[in-house]
Structure formats: C-alpha cells, structure tokens
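The block underneath contains the structure these notes are about, expressed in structure tokens.
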Amino acid sequence: MGNKQLKLGAMIQGAGGGWADWRHPDSVADAGINFGFYKRQAQLAEAGKFDFVFIADSVSINSKSSPHYLNRFEPLTLLSGLAAVTEKIGLVGTLTVSYSEPYTVARQFASLDHISGGRAGWNVVTSWLTGSAENYSKDEHPPHEVRYRIAQEHLDVVRGLWDSWEDDAFPYDKESGVFFDPSKLHALNHKGEFFSVKGPLNISRSKQGQPVIFQAGTSEEGRNFAAKNADAIFVGHENIEEAKRFYQDVKRRAAEFGRNPDELFILPGIGPIVGRTEEEAERKYREKLELVTIEDALTALGRPFNDHDFSQYPLDGPFPDLGDLGWESQRGSSERIKKLAKENNYTLREVALRFATPKSTFVGSAEKVANTIQQWVEEGAADGFIVSLATPSGMDDFVELVVPILQRRGLLREEYEHDTLRGHLGLKVPVNRYSREEAIQA
C-alpha cells in the first residue's frame with residue numbers, strides 16, 4: 001500500500017449543500033445558525049484527525065438561493081468560536097476580495113490565527129453572484145478577468161500587511177521599558193490599480209507566520225491564480241479522469257511560476273455516503289434522492305448561471321443553447337455543465353437531476369470508499385479531499401468507518417504531530433520579507 005499521506009478537510013454547511021438536505025428526518029433544520037451543530041461537526045473532524053474544517057460563504061442571496069445560503073453564520077465569527085472548542089484542527093474560511101478591504105481582511109485573519117494558535121486559512125474568492133454588487137454600494141459586479149486582477153492585488157497587499165512586524169519585533173522588556181523595536185516595524189506604502197494601503201498592520205505575525213491560502217477557481221484565470229498563489233485548491237470533479245487532467249495542468253502551471261508543485265495541494269470536494277454494506281449506502285443515497293423535487297433541481301442548476309430561470313424550457317427537450325451565459329458568474333462549473341449536456345445529448349431534466357443529486361463514486365461500503373480515496377491519491381488525481389456532509393450522519397459515518405481503514409493503510413495520521421495548519425500540511429513558515437531583505441543585505 002502507498003504511504004503518501006492524504007490531506008483532509010471537512011466542509012461544514014449548516015443546512016447541507018443541496019436544496020432539500022434540511023428536509024431529511026435526521027437533519028438539524030436550523031443548523032446554519034446553530035453553533036452547537038458546528039461545534040459537534042468540527043470536534044468529530046478533529047477526532048478523525050482531519051487537517052482542517054472549511055466554511056464556505058457568499059455575500060448575496062435571493063428567494064431562489066439554497067437553504068444553506070439563506071441563513072448562516074459569517075465565517076470568521078464562526079471560526080473564532082470554533083477555535084475555542086478545538087485544539088489542533090485548521091480553521092479555513094471564505095472571504096471575498098471583491099467586496100472587502102485588504103487591511104480589514106489582514107486584521108481578521110491575523111486575529112483568527114492568533115486566537116487559534118496558528119490554525120487559520122483563507123479561501124480567497126472573487127464572488128460570482130452579480131447581486132453582490134448591490135449589497136456593497138457598487139453599480140455593477142466586476143467582469144471575470146477584472147475580478148482576478150483585483151484578487152491578485154488584494155492578496156499581495158494582505159500578505160504584505162501580514163509581514164508588517166518582524167517575528168522578534170516585540171521584546172516586551174519591562175526592565176528597560178522597550179515594548180517593541182521600531183526597526184522591526186514596516187509600513188507597506190502600497191499604491192496600485194485598485195487599492196491604496198499605507199500600513200503597517202496593528203497585529204503581529206502568528207506562530208505559523210501567515211495564514212494558509214486556499215482557492216477554488218477552475219477557469220483559466222482561476223487556475224493561473226491558484227497555481228501562482230495558493231497553498232491548496234478546492235475543486236469539484238465528475239470523475240477520476242477529469243481530476244487527473246486538472247491535477248496535471250495545475251501542477252504544471254505551478255512549476256512554470258517557479259513553485260514546487262508538491263507544496264500546492266489539490267483537494268477535490270466529495271460528499272461520501274458510507275454504509276456498513278453497499279446496500280446500506282445505497283439506501284442512504286435513495287433517501288437523499290427522494291427529497292429533491294424537479295423544481296429544486298432546476299433552481300440548483302441555475303446557480304452557476306447567475307440564477308438563470310431554467311423553468312421556462314421544456315423539461316424533456318434538449319438542454320437549451322445558452323451561448324455565453326454563465327461566463328461572468330461561475331465560469332468553470334457552467335462550462336462543464338454545458339459540455340456534459342452536449343456530449344451526452346441530455347435533456348434538461350436529466351442535467352438538472354444529475355447536477356442536483358450527483359451519485360459520485362464515493363458512495364458505498366467503507367472499504368469501497370477508502371479504496372476510491374486511495375486510488376485517486378495514488379493515481380495522481382488528488383492530494384486529498386474536502387469532505388462535505390452528504391447526509392446528516394455523514395461525518396459520523398466517515399470518521400467511524402472510513403478513517404480507521406485509511407489509518408491502517410498509512411494514508412492518514414493517527415495523531416497530530418503539529419498544532420498549526422502549516423504543520424499539518426507540511427508547509428514551511430514563510431520568512432518575513434523584511435527579515436529576508438536584511439539577511440540578504442548582510
């Protein structure tokens with residue numbers, strides 16, 4: 001058996017990822033604003049020795065949004081609470097660059113990093129719902145290509161601010177009265193296309209140096225941004241062959257940016273449905289399937305197309321020709337759906353149901369799910385996975401049934417060796433840019 005250890009994240013979404021998950025008899029209907037729910041899931045993931053928990057987000061809703069979008073915690077507030085009730089597991093939150101100021105973002109994540117003892121990670125997104133602009137006093141949502149230019153400058157500024165204080169800047173010397181060493185404090189003085197930020201930041205670096213950067217784009221711009229900047233990529237795939245192509249492509253791009261491809265982790269999102277037997281897993285999947293109406297499925301399908309109304313087309317007719325629709329929202333997902341429909345001559349009904357309740361290869365007995373996970377890692381389709389709760393008992397089932405198999409095979413740690421997120425992922429603490437400059441000049 002292979003001994004490459006996989007990386008695992010737990011994606012916790014209150015009402016579940018689908019439109020009807022909250023209707024399951026065992027689900028916690030108000031989970032999106034139920035701290036006890038998140039606390040239990042995070043502690044379960046920590047018991048399963050996961051690397052991190054992952055909290056998604058958006059800054060725009062409408063009456064067609066899925067239940068987990070409609071009523072949920074702001075990620076950094078939630079993660080700060082989870083930091084107090086966990087000890088080792090990483091804490092990764094989504095925050096948009098399109099509608100936030102770099103100075104505020106730098107403060108928020110640096111604070112979470114200190115509160116948690118070096119366990120913070122930032123999932124950098126550009127926001128793809130055009131309604132977001134109207135919540136932030138903007139006339140229009142920036143185009144796709146511009147959003148990635150904003151993202152690059154925003155991230156550069158935040159990282160610069162995180163280095164405002166060198167690691168030994170605070171002697172806290174009560175005898176001499178020296179609280180800090182002024183020579184170790186640095187203003188950023190950034191003036192760019194989108195942001196003007198003087199600095200310095202009013203909080204020091206944490207024990208992991210800087211929070212870990214996650215990214216979730218699959219478009220051309222998204223792949224380049226991730227390959228250049230991210231420590232980990234969250235992605236969705238239909239099958240192992242598609243996953244392998246993406247994996248090879250992004251690792252190649254990372255190398256072209258002068259990076260070590262092994263320091264960039266590609267983590268497909270999966271929603272495993274695990275049973276003690278194949279039959280039990282199949283029953284759990286069918287229960288989930290039966291909750292979804294075709295109306296829900298059409299609404300779900302509209303999401304990556306900027307909430308396009310698919311109910312206007314004949315259900316059993318061919319999937320409609322949408323032209324460039326989706327190009328400015330979730331480009332990677334919308335293009336994949338169009339391609340899938342065209343290649344398979346699917347009707348609109350088939351596409352909608354397939355998109356709303358995909359039956360992945362991660363449905364089955366614990367042994368089968370563990371085998372599939374191992375195959376994806378060993379065949380170069382993934383460095384690990386972000387596991388979402390496909391059923392209310394999803395995390396319990398995974399930790400109780402799949403984790404011990406992965407541990408026996410040497411694919412997953414049995415105990416945490418580190419207490420920072422960088423430590424879990426095997427990433428070096430980044431050297432403060434100003435300390436590095438001094439070392440070079442010396």
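All figures in this text were calculated on a predicted structure; none of them were measured in a lab.
A salt bridge is defined here as a Lys NZ or Arg NE, NH1 or NH2 lying under 4.0 Å from an Asp or Glu carboxylate O, and E220 with R253 meets this definition. The pair D383-K4 counts as a salt bridge, with a side-chain nitrogen and a carboxylate oxygen less than 4.0 angstrom apart. Checked for salt-bridge contact, E145 and R149 meet the test: a charged N lies under 4.0 Å from a carboxylate O. A salt bridge is defined here as a Lys NZ or Arg NE, NH1 or NH2 lying under 4.0 Å from an Asp or Glu carboxylate O, and E335 with K338 meets this definition.
With ring centers used as reference points, H154 lies under 6.0 Å from W122.
H308 contributes atom NE2, which lies 5.5 Å from atom CG of L322 (distance to the nearest 0.5 angstrom). Rounding to the nearest 0.5 angstrom, the gap separating the CG atom in L301 from the CZ atom in F310 is 4.0 Å. The distance from the CD atom of E166 to the CZ atom of F180 is 13.0 Å, given to the nearest 0.5 Å. Considering CZ of F52 and CZ of F214, their distance stands at 4.0 Å, rounded to 0.5 Å. Between K228 atom NZ and F257 atom CZ the span is 6.0 Å, to the nearest 0.5 Å. Considering CZ of R413 and NZ of K7, their distance stands at 6.5 Å, rounded to 0.5 Å.
Judged by distance alone, the side chain of R223 and the main-chain N or O of F246 form no donor-acceptor pair under 3.5 Å. Between the side chain of Q208 and the backbone N or O of G423, no donor-acceptor pair lies under 3.5 Å. Using a distance-only test at 3.5 Å, with no hydrogens or angles considered, no donor-acceptor pair links the side chain of D51 to the main chain of G9. Looking at S164, its side chain does come within 3.5 Å of a backbone N or O of L201 through a donor-acceptor pair. For Y103 (side chain) and P200 (main-chain N/O), a donor-acceptor pair under 3.5 Å exists by modelled atom type. Judged by distance alone, with hydrogens and angles left aside, the side-chain atoms of N344 form no donor-acceptor pair with the main-chain N or O of Y346 at under 3.5 Å. For the pair E46 (side chain) and E87 (backbone), a donor-acceptor distance under 3.5 Å is present. When atom types are taken as modelled, the side chain of K288 and the backbone of A390 share a donor-acceptor pair closer than 3.5 angstrom. Remark: side-chain polar atoms of D30 are not paired, donor with acceptor, to backbone N or O of I33 under 3.5 angstrom. The backbone N or O of L264 sits less than 3.5 Å from a side-chain atom of K251, completing a donor-acceptor pair.
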Go through it in stages, so that I can follow the logic: the residues are R40 and D396, the test is side chain to side chain contact (heavy atoms under 4.5 Å, CB included), and I'd like the CA-CA distance, side-chain angles, deciding distance and then a yes or no. CA-CA 10 Å; R40 182 175 183 276; D396 299 75; 2.5 Å; yes
Side chain to side chain donor-acceptor pair (under 3.5 Å) assessment of R336 paired with T218: CA-CA 10 Å; R336 194 171 82 228; T218 53; 5.6 Å; no
So H418 and T420, side chain to side chain donor-acceptor pair (under 3.5 Å) or not? Walk me through it. CA-CA 6 Å; H418 302 277; T420 67; 5.8 Å; no
Please assess E343 against K339 for the test salt bridge (Lys or Arg N to Asp or Glu O under 4.0 Å), listing each intermediate value before the final yes or no. CA-CA 6 Å; E343 287 175 356; K339 186 167 176 279; 3.2 Å; yes
Please lay out, stage by stage, how E279 and R283 fare under the test salt bridge (Lys or Arg N to Asp or Glu O under 4.0 Å). CA-CA 6 Å; E279 293 73 28; R283 176 178 57 74; over 6 Å; no
If you apply the rule salt bridge (Lys or Arg N to Asp or Glu O under 4.0 Å), what do you find for R245 with E241, and how did you get there? CA-CA 6 Å; R245 287 194 295 274; E241 296 310 321; 5.3 Å; no
Worked verdict on R286 versus E290 for salt bridge (Lys or Arg N to Asp or Glu O under 4.0 Å): CA-CA 6 Å; R286 278 200 309 276; E290 285 160 10; 5.0 Å; no
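Closest of all the heavy-atom pairs between A15 and D21 is O-CB, 3.4 Å. Residues S393 and K284 share a closest heavy-atom pair of OG-NZ, 4.3 Å. Of all non-hydrogen atoms in A56 and Q13, the two that sit nearest each other are CB-OE1, 4.0 Å.
Of the N and O atoms on the side chains of Q210 and D163, at least one donor lies less than 3.5 Å from an acceptor on the other residue. A donor atom on one side chain and an acceptor atom on the other are not found under 3.5 Å apart for R259 and N229.
Partner of R276 under the salt bridge (charged side-chain N to carboxylate O under 4.0 Å, His left out) criterion, out of E367, E282, E400: E400 alone.
Few gaps surround CD on Q375; more than 12 heavy atoms of other groups in view lie less than 6.0 Å from it.
For the pair R72/D57, a side-chain contact is recorded, criterion being any heavy-atom separation below 4.5 Å from C-beta on. Using a 4.5 Å heavy-atom threshold, the side chains of N202 and R107 count as touching. For the pair R159 and W162, the minimum side-chain heavy-atom distance is below 4.5 Å. In this structure, the side chains of V403 and L412 come closer than 4.5 Å at one or more pairs of heavy atoms. Using a 4.5 Å cut-off on side-chain heavy atoms (C-beta onward), H141 and R147 make contact. Side-chain contact between H237 and Y247 is absent, with no heavy-atom pair separated by less than 4.5 Å. Residues F35 and V85 are in side-chain contact: their nearest non-hydrogen atoms beyond the backbone lie under 4.5 Å apart. Residues V212 and L425 have side chains in contact (heavy-atom distance under 4.5 Å, counting atoms from C-beta outward).
Classification of the F54-F234 ring pair by plane angle, with boundaries at 30° and 60°, yields perpendicular. Taking the six-membered ring where the residue is Trp, F305 and F319 present tilted rings, their angle falling between 30° and 60°.
Take D26 and apply the salt bridge (charged side-chain N to carboxylate O under 4.0 Å, His left out) test, not counting sequence neighbours, and it matches no residue. With sequence neighbours excluded, no residue satisfies ring-ring contact (aromatic ring centres under 6.0 Å, His included) with H24.
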Let me have the donor-acceptor pairs involving side chains of residues 89-96, under 3.5 Å, with sequence neighbours excluded, atom names and distances please.
from	atom 1	to	atom 2	distance (Å)
T94	OG1	I55	O	3.1
T94	OG1	N123	ND2	2.9
T96	OG1	S98	N	3.0
T96	OG1	S127	OG	2.8

